[in-house]
Amino acid sequence: MRRRNFAAVAAGLAAATLLTTGTGPAALAGPPASARIFRHFDFAQGQLPENIALAPDGTAYVTFAAARQVASIDRDGTVRVLATLAAPADGGIHTPALGFALTTGIVRQPDGTIYFLYASGDAATTGLYRLPRGGVPCRVAALPAAGLPNGLALDERTGTFYVTDSVLGTISAVQPGGRAVVWSSAPELAATGFLGVNGIKARDGAVWAGNHDRGTLLRIPVRHGEPGPVEVRASGLSSIDDFAFAGSDVIAALVGANRVVRVDTAGRSTTLLTAADGLQNPTAVAVRANTAYVTSAAYLTAADPNLIVATLPRR
């Protein structure tokens, strides 16, 4: 995978980092996380881990963005490619904002079924996909080819999937067996130059999302299935990508700033990991107990995409 394919990504990440740095509370000094690189990936093969989901046995499931793949990483570090999506006829150059086709958000259900997103700039293939255990992927909901489906979350209480579109500035909802409908297009979701709403989670009757360009962490109450007013829970989170909850705190990946931070309920952020810990443009976080799993896609560094395992410091 040639570096020039990611020129737009690098420029956008750099610009977004400059735009959001200093717009909110500075990251506080605090105890760092104890981290190690668990697995290195192959940049040349497009193994840029964009998103992650965990299984109870410790297996990690990731999307390899530029390879258009879904893969598993066993506890011994063995990588197994589970699915590879075909490139669009134009090679993906018309994928909005990025210029290459990529797999993005991922969710794993208890029965082993995996759902993931594919952004290709092609109306026939862009959408939400289902990958049964041991099966082949199929598209279950089409999404706009003019957008960039990016983050994926599942509300397990209702079975509703929520999908962020970082170019269109929307969150769509997909009911089981249904089509995608725009759930929210609030102005707080919009981009200011590169990418808007990005990572997403469903938790305790609300949808949480990060806005990459604005550096904000947002909470949207779900009221009888409809979105309530958008609440800004934190700002100054330069180039926030995806995130996970650790108790009442949020552990967020700041892809352009090359940091992982903890955000408390007051919106204050504490830096946990930096490039010194092996970060290479962190894209997503998954948390189990006091352990965080962080994917780095190396979009800017173009050097060492990896998976880091870190023990979170006690609060």
Side-chain angles (χ1 to χ4, degrees), residues 9-10 12-14 16-17 20-21 24 27 30 32-33 35-39 41 48-54 60-65 73 102-107 117 150-153 164 166 194-201 203 208-218 233-246 249-264 267 269-288 291-301 303-313:
V9 182
L13 288 176
T17 300
T20 55
T21 298
R36 64 185 176 93
I37 296 178
F38 177 73
R39 187 67 163 80
F41 303 116
L48 315 185
E50 169 64 21
N51 209 253
I52 184 171
L54 297 179
Y61 293 86
V62 301
T63 48
F64 282 143
I73 300 115
L102 67 161
T103 47
T104 54
I106 188 170
V107 166
L117 299 172
N150 200 338
L152 179 64
T164 65
S166 297
F194 183 44
L195 300 176
V197 62
N198 195 326
I200 189 168
K201 293 291 181 288
R203 176 182 169 100
W208 293 70
N211 187 309
H212 178 280
D213 282 357
R214 299 173 189 266
T216 50
L217 178 66
L218 310 171
R233 288 302 184 93
S235 60
L237 302 174
S238 172
S239 61
I240 183 172
D241 202 312
D242 210 354
F243 57 90
F245 284 93
D249 294 341
V250 167
I251 311 298
L254 309 186
V255 57
N258 215 23
R259 290 189 290 129
V260 169
V261 300
R262 184 199 295 268
V263 183
D264 66 18
S269 65
T270 303
T271 297
L272 299 178
L273 299 170
T274 68
D277 300 293
L279 292 183
Q280 299 265 323
N281 307 127
T283 51
V285 181
V287 174
R288 174 158 296 153
T291 301
Y293 300 76
V294 181
T295 53
S296 286
Y299 288 129
L300 284 168
T301 65
D304 179 29
N306 60 51
L307 173 62
I308 287 176
V309 177
T311 301
L312 298 174

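Nothing fancy with the numbering, it's 1 onward along the sequence. Remember, predicted model here, so these are calculated numbers, not experimental data.
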Side-chain heavy atoms of [X] within contact of [Y], under 4.5 Å:
X    : Y    : result
N281 : N258 : yes
L237 : L254 : yes
I52  : L307 : yes
E50  : D242 : no

- Item | D241: partners by salt bridge (charged side-chain N to carboxylate O under 4.0 Å, His left out), with sequence neighbours left out |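 Applying salt bridge (charged side-chain N to carboxylate O under 4.0 Å, His left out) to D241 gives none.
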- Mind checking what makes salt bridge (charged side-chain N to carboxylate O under 4.0 Å, His left out) contact with R288, not counting sequence neighbours? none
- Applying ring-ring contact (aromatic ring centres under 6.0 Å, His included), name anything that partners Y61, two or more places apart in sequence or on another chain. none
- Note on the structure: Those residues at least two apart in sequence (or on a different chain) that pass ring-ring contact (aromatic ring centres under 6.0 Å, His included) with F64 are F41
Residues which pass side chain to side chain contact (heavy atoms under 4.5 Å, CB included) with [X], listed by chain and number, not counting sequence neighbours:
X    : answer
A153 : I200
A244 : V285, V287
D277 : A35, L273, T274

Could I get the full list of side-chain hydrogen bond (donor to acceptor under 3.5 Å, both in side chains) partners for [X], not counting sequence neighbours?
X    : value
T283 : T295
R233 : E231
D249 : R262, R315
T63  : none

- Can you name the closest pair of heavy atoms from S239 and A257 and give their distance?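 Looking at all heavy atoms of both residues, the closest pair is OG-N, 3.1 Å.
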- List the atom of F243, the atom of W208, and the distance in Å for their closest heavy-atom pair.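 Taking F243 first and W208 second, the nearest heavy atoms are CZ-O, 3.6 Å.
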- Reported CG-to-CZ distance for the pair L195 and R214, which is rounded to 0.5 angstrom: 12.5 Å
- Query: Got a donor-acceptor contact below 3.5 angstrom from the T164 side chain to the N198 backbone?
  - Reply: yes
